[in-house]
Protein chains: 2
Amino acid sequence: MDAAPFCTRQGIAELLRHHEINPTHQRIEIAFALFSRREHLSADQVMGIVNARVPECSKATVYNTLNLFREKRMIREVVVDPAKVFYDPNTSAHHHLYDVVRGTLVDIPPGDIEVTGMPSIPDGLEAEGVDIVVRVRPVDA
Amino acid sequence: MDAAPFCTRQGIAELLRHHEINPTHQRIEIAFALFSRREHLSADQVMGIVNARVPECSKATVYNTLNLFREKRMIREVVVDPAKVFYDPNTSAHHHLYDVVRGTLVDIPPGDIEVTGMPSIPDGLEAEGVDIVVRVRPVDA
DNA sequence: CCGCCAATTAGACAAGGTCCAAACTTTGTC
DNA sequence: GACAAAGTTTGGACCTTGTCTAATTGGCGG
Ligand SMILES: [Mn+2]
Ligand SMILES: [Mn+2]
Ligand SMILES: [Zn+2]
Ligand SMILES: [Zn+2]
């Protein structure tokens, strides 16, 4: 077992294969942007990071690929800002703290917060997940 | 005290004044759409309802007015769908159940679900609120 | 009726995101 | 290797939600 498997292109390629995703150059770069930083990024931010040095990837591919990763459950989507979606390389159960002024999203350490009493799901529906978002703002603003 | 104060234009006008909002014709129609139905509506749905019989209100006014209502805390914004915002006439503490396939949002009866252990807010930030969204989907889909 | 200010409006604009047909790359087969 | 089929990427058109602006309307006090 590697110490930091997602800091190398090799480790990322392995991760992609594990999720039944063909590890192409563009997909590796996009996954690397997310998994090496372990941050919540918007599609636009991913685009910026991947193409920072040299153009690697078109806008269409960034969106296609993020949606592919989500379908394959390799990343998670976090909807919290009306203007854009965040993509989260951490798919384990955890919740979020959202700075509504700065527009930044950080994880809430698991255990700091918990849900008690799963609500009764109406007939014909099944639960897919529970999202908790703590909205915060700078004290002065 | 009226039995159903938000089912009449009179009651709505009163509500607007109570929130320091000048009760114009357009504002009354928009508030009436939300408060008489007690549903979660998108801006587009509000537009459709208000202008169903006869054109009452422009798109600009719908957006301006919903934002005004939100600023005055008369309604609440619910961000749950990447494609659009929902507006909620119920501002009391409660959480939501979101059907990701049908795109519909309903309230979770208070008490059915609860948060334990408010997470430690980082320095320089203050909590504004906690949103809980239970994502569900039809069993067959 | 006049003047003022609040409110509304049409339409241009911006940003996030999807779609499409063409081109390019990889894979499989002979 | 040659070729076909399948998979992937691409630019750019396109769509939707939402904002902005400059012009117009409307209520109201005097
Ligand atoms: Mn908004
Ligand atoms: Mn969008
Ligand atoms: Zn996270
Ligand atoms: Zn609600």
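By convention in this document, chain letters (A, B, ...) are assigned in the order of the sequence lines, proteins followed by strands, and residues within each chain are numbered from 1.
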Would you tabulate the pairs of protein nitrogen or oxygen atoms and nucleotide nitrogen or oxygen atoms of nucleotides 26-30 of chain D closer than 3.5 angstrom?
none

### Query
For A/Met47 and D/dG12, what is the distance between atoms CE and C1' respectively, to the nearest whole Å?
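So the two atoms are 12 Å apart, to the nearest Å.
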
### Query
Could you give the NZ-to-P distance, from B/Lys84 to C/dG17, as a whole number of Å?
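From B/Lys84 NZ to C/dG17 P: 15 Å.
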
### Task
Could you check A/Leu41 against A/Leu34 for side-chain contact (heavy atoms from CB on, under 4.5 Å), going step by step and ending with a plain yes or no?
CA-CA 7 Å; A/Leu41 301 176; A/Leu34 282 161; 4.0 Å; yes

### Task
Check B/Pro89 against B/Arg38 and note the closest heavy-atom contact, atom names and distance.
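Distance-wise, the nearest heavy atoms are CG-CA, 3.9 Å.
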
So, does [X] use its side chain to make a donor-acceptor pair with the main chain of [Y] at under 3.5 Å?
| X | Y | value |
| --- | --- | --- |
| B/Arg27 | B/Asn22 | yes |
| B/Thr65 | B/Thr61 | yes |
| B/Arg76 | B/Ser92 | yes |

Write down the protein N/O and nucleotide N/O pairs, taken from nucleotides 7-11 of chain D, whose separation is under 3.5 Å; answer none if there are no such pairs.
| unit_1 | atom_1 | unit_2 | atom_2 | d |
| --- | --- | --- | --- | --- |
| D/dT8 | OP1 | A/Asn22 | ND2 | 3.4 |
| D/dT8 | OP1 | A/Arg27 | NH1 | 3.0 |
| D/dT9 | OP1 | A/Thr24 | OG1 | 2.5 |
| D/dT9 | OP1 | A/Gln26 | OE1 | 3.2 |
| D/dT9 | O3' | A/Gln26 | NE2 | 2.9 |
| D/dT10 | OP1 | A/Gln26 | NE2 | 3.4 |
| D/dT10 | OP1 | A/Glu56 | O | 3.4 |
| D/dT10 | OP2 | A/Ser58 | N | 2.9 |
| D/dT10 | OP2 | A/Ser58 | OG | 3.4 |
| D/dT10 | OP2 | A/Thr61 | OG1 | 2.9 |

#### Entry: Steps toward side chain to side chain donor-acceptor pair (under 3.5 Å) verdict (B/Asp131, A/Tyr98)
CA-CA 11 Å; B/Asp131 294 335; A/Tyr98 180 57; over 6 Å; no

### Message
Any base atoms under 4.0 Å from A/Asn67, or only sugar-phosphate, or nothing? Heavy atoms, all strands.
### Response
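Since only primed, P, OP1 and OP2 atoms lie under 4.0 Å of A/Asn67, the category is sugar-phosphate.
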
### Message
Among residues at least two apart in sequence or on other chains, which ones pass side chain to side chain donor-acceptor pair (under 3.5 Å) with A/Glu29?
### Response
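A/Glu29 satisfies side chain to side chain donor-acceptor pair (under 3.5 Å) with A/Arg9 once adjacent residues are dropped.
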
### Message
Quiz question: by atom type and distance under 3.5 Å, do the side chains of A/His96 and A/Asp107 form a donor-acceptor pair?
### Response
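Judged by distance alone, the side chains do pair up.
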
